[in-house]
Amino acid sequence: NMMAQLFATEHDLGKGRQMPVHYGSRALHFQTISSPLATQIPQASGAAYAMKRSGKPNIVVCYFGEGAASEGDFHPALNFAATLECPVVFFCRNNGYAISTPAHEQYRGDGIVARGLGYGIRSIRVDGNDIFAVYQVMKRAREEAVKNKAPVLIEAMTYRGGHHSTSDDASRYRSSEELKKWMETPRNPIHRFRLYLEQQGWWDAAAEKRVALRPSMRSSRRWMLPNTTRSRM
């Protein structure tokens, strides 16, 4: 379904009416991504309140970047969630850049996590490059939201290794030295997870070589495209 949406084939559930990478699934309770920045945050508070009123043991999880937290939608969303005690987890991925604007030009103070505390929301900051830390924090946040019918704010500190989009050239606003500092050190989440797998005996140099020898994504794309058709509008 994800590839069908990306290439807008006849199997695309959105029938080609969405931009690429704007996935959604009613069966999986995954709200379709929208282009306007931060609109999903107040929507998440409203959806969580509706779930609470219906008595369902569900919660809403809302993902956004630190750039979206600078939008006006962010503050009323947190205020509604706090005062109405909505079972929602706000997950902020702080990757240091709002497209080309670095974090130090976006805000002052202690990042995004401090804002949740100001609204009376339980908030926590986590190493976003540690897959196990993120899992444990998310698990605990869900338990908190379900048990107490209350919002939780998570700020995951990470780094955007690539460009913001295909129309973005990150080399215009950050140096290659900065990128190398993040991508070629133990802070790289892929490197860290590989070390863990090696320590467990689940990965080694031979496995790494086998993966490297697989056909490139470019070849896979050429193979796939002839088998796709346009969606019927």
Not counting sequence neighbours, list each pair that qualifies as a ring pair (Phe, Tyr, Trp, His ring centres under 6.0 Å) and has a residue in residues 151-171. Tyr159-Trp182
Could I get the full list of side-chain contact (heavy atoms from CB on, under 4.5 Å) partners for Glu85, not counting sequence neighbours? Lys52
By ring-ring contact (aromatic ring centres under 6.0 Å, His included), Tyr173 pairs with (sequence neighbours left out) Tyr97
Quick note, side-chain hydrogen bond (donor to acceptor under 3.5 Å, both in side chains) partners involving residues 107-116, not counting sequence neighbours, are Asn94-Tyr107, Asp110-Arg125
Taken in chain and number order and not counting sequence neighbours, the residues that satisfy side-chain contact (heavy atoms from CB on, under 4.5 Å) with Ser167 are Ser165
Applied to residues 88-101, the salt bridge (Lys or Arg N to Asp or Glu O under 4.0 Å) test, sequence neighbours excluded, yields none
Going by side chain to side chain donor-acceptor pair (under 3.5 Å), name the residues that satisfy it together with Asn58, two or more places apart in sequence or in a different chain. none
Using a 4.5 Å cut-off between side-chain heavy atoms of Ile, Leu, Val, Met, Phe, Trp and Tyr, which other residues end up in the same hydrophobic cluster as Leu84? Tyr49, Phe80
Thr166 meets the side chain to side chain donor-acceptor pair (under 3.5 Å) criterion, sequence neighbours left out, with none
Not counting sequence neighbours, list each pair that qualifies as a side-chain hydrogen bond (donor to acceptor under 3.5 Å, both in side chains) and has a residue in residues 60-71. Glu66-Gln106
Cluster check Leu13, Tyr23: I/L/V/M/F/W/Y, side chain < 4.5 angstrom: no
Taking side chain to side chain donor-acceptor pair (under 3.5 Å) as the definition, give me every residue that meets it alongside Thr39, ordered by chain and number, with sequence neighbours left out. Ser34
Find the distance between CE (Met2) and CG (Asp12) and round it off to the nearest 0.5 Å. 12.0 Å
With sequence neighbours left out, what residues match His29 under side chain to side chain donor-acceptor pair (under 3.5 Å)? none
